[in-house]
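Accompanying notes for the structure given below.
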Amino acid sequence: MSQGTLYVNGLARGILPQSLIETWKLDIKVEQTDCEVFAKEFPMAKIPAFIGPNGFHLTEVMAVLYYLVNQNEDEKVKEVLLGATVEERAQVIRWLSFFNSEWAAAFAAAAGYLLGLVPYNKKMLEEKMAYLDKCIGVAEARLRDYTYLATESISLADLFAASIVGFAQTLIYGQDWRVKHPVLFRWFNTVAAHPVIANCVDQSKFLKESKQYVAPKKEKAKKEPAAPKPKAAAPAKEEEAKPAETPKKPKHPLEALGRATFSLEDWKRKYSNEDTRPVALPWFWEHYNPEEFSIWRVDYKYNDELTMTFMSNNLVGGFFNRLSASVKYMFGSLVVYGENNNNGIIGAVMVRGQEFAPAFDVAPDWESYAYTKLDPTKEEDKEFINNMWAWDKPVVVNGESKEIVDGKVLK
Ligand SMILES: N[C@@H](CCC(=O)N[C@@H](CS)C(=O)NCC(=O)O)C(=O)O
């Protein structure tokens, strides 16, 4: 029987724990997070997570790493990685914590903007990128005079920092960034040769150029196959008279409203390409035609049943997937506000026409939400819509200001 299970999902903080297990051949299973045990046992759903013998549970990457290093039976290895003296051990914790809570947190936020996972916000992206460079500057100040971050040898802090800085080079940083940080890269190359890092950082996947924010490509409208021309007088052969194998898809009821002058596609492109608050939203209000599209406040009806914020966000994701048949007539966003065990779902969605049902009723769970028409000529409604689409300010619910913690865009 194995001595435990580590849960990972390919994201940065799971890389080193997994590599320690695999490189040292520890008797510990590595599983992906999309399983029932993980969902049940780890309500925060963060990786890495670990279950050991006798129900011993761990979360938090620093604790997981500390535990795994202690599974190595070689006392010398432990001493080198964790530090030999109190001072060394404290320095190891210091640099582990620095790369975990300062650098990795800012990296996750920056990558979210650069990879288009959250609404683009130029100012926030610039802030995060500058913060990452500030952190690197702090590490480089140390590495100018010393070979390693915490001690005179490769410690656990070097391994962890190299694992996430390596991961970042497969996602956002390219050669231009490496050239700007020669001190960091002298260190990185030394640590990357360590078997534990060589096993988990694949330098062949490093980006050539740093990722810039690139607007998603215009989606080509699917060409409807041309309708067959009516046959001339000659009697059709029996075969031709057979009904087509795939029945023609029924038309969406909103198609009857015809083509709008306000181009939803142009708007979706603007929203994806431009900084939301300063550029995209002013463009929207300049072009929006209230006769063609109505905008609805959408409230989840059962907020008191929501538990974990990530589960609320999954609920929204599922709802949006089920709306896919109507999405070409819709745009909007639903956000999750609050915290675990005290959160809610709210948002603003624009639909073709003046009714909400024809757009929403394609999703079997549409009645779990309440719909209230908004009037953008009212400053208060307009600002609500702006906030729901920009996610840059807390949302006011029943007079209380609540932080937006997650959300999804329907486009
Ligand atoms: N405080 C935790 C943070 C763990 C964390 O945020 N892990 C990321 C992956 S690197 C994650 O699980 N992200 C998914 C999410 O936040 O839902 C730790 O130090 O381990």
Side-chain angles (χ1 to χ4, degrees), residues 4-21 28 30-35 37-52 56-69 92-119 124 128 131-132 135 156-157 159-173 197 200-201 205 306-318 334-341 343 345 391 403-409:
T5 306
L6 174 79
Y7 294 90
V8 293
N9 61 3
L11 290 179
R13 289 180 180 89
I15 292 172
L16 183 61
Q18 179 170 359
S19 185
L20 291 179
I21 293 170
I28 291 173
V30 177
E31 284 197 358
Q32 298 298 308
T33 50
D34 54 354
C35 63
V37 180
F38 179 76
K40 183 163 160 274
E41 301 292 330
F42 298 103
M44 296 294 286
K46 300 271 178 179
I47 62 112
F50 175 79
I51 304 183
F56 175 73
H57 278 50
L58 278 180
T59 58
E60 301 302 306
V61 64
M62 289 170 57
V64 171
L65 289 172
Y66 176 78
Y67 182 84
L68 292 177
V69 170
V92 171
I93 295 172
R94 169 195 178 192
W95 286 103
L96 275 173
S97 178
F98 181 76
F99 270 90
N100 186 36
S101 52
E102 303 302 327
W103 198 84
F107 165 71
Y113 295 120
L114 284 170
L115 304 176
L117 307 176
V118 297
M124 289 298 286
K128 296 294 172 197
Y131 194 76
L132 287 170
C135 295
L156 186 61
L159 296 183
F160 178 64
S163 71
I164 57 176
V165 168
F167 182 70
Q169 292 171 77
T170 65
L171 278 192
I172 69 170
Y173 288 130
I197 295 300
C200 64
V201 173
K205 292 199 179 133
L306 298 174
T307 55
M308 299 294 139
T309 56
F310 82 91
M311 288 163 84
S312 309
N313 208 40
N314 287 346
L315 198 75
V316 174
L334 293 189
V335 300
V336 178
Y337 61 82
E339 63 264 327
N340 286 339
N341 300 316
N343 60 81
I345 298 172
W391 306 7
E403 285 301 324
I404 295 177
V405 292
D406 222 332
K408 297 235 182 256
V409 177

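Whatever order the structure lists them in is the order used to number ligands and atoms, beginning at 1. Computed from a predicted structure; not experimentally measured.
Of the protein's heavy atoms, Lys46 NZ, 3.8 Å lies nearest to atom 15 (C) of ligand 1. When hydrogens are left out, the protein atom nearest atom 2 (C) of ligand 1 is Glu60 OE1, 3.3 Å; that is the closest non-hydrogen contact. Of the protein's non-hydrogen atoms, the one nearest atom 4 (C) of ligand 1 is Ile47 O, 3.4 Å. Scanning the protein for heavy atoms near atom 5 (C) of ligand 1, the closest one is Arg13 NH1, 3.2 Å.
Residue Ile197 holds its CD1 atom at 5.0 Å from CG of Leu159, rounded to the nearest 0.5 Å. To the nearest 0.5 Å, the span separating CE on Met62 from CZ on Arg13 amounts to 11.0 Å. Residue Glu41 holds its CD atom at 11.0 Å from OG1 of Thr5, rounded to the nearest 0.5 Å.
Using the six-membered ring where Trp is involved, Tyr67 and Phe50 have ring planes that are tilted, between 30° and 60° apart. Ring geometry, Trp103 versus Tyr173: the interplanar angle falls from 30° to 60°, so the pair is classed tilted.
Aromatic rings of Tyr7 and Phe38 (six-membered ring for Trp) have centroids within the 6.0 Å cut-off, being under it.
Every atom of ligand 1 with a heavy atom of Asn100 under 4.0 Å away is listed here by number and element: 19 (O). Ligand-side atoms of ligand 1 in range of Val61: 18 (C), 19 (O), 20 (O), range being under 4.0 angstrom from any heavy atom.
Across Ile164, Leu11, Leu96, Asn9, heavy-atom proximity to atom 9 (C) of ligand 1 is greatest for Leu11.
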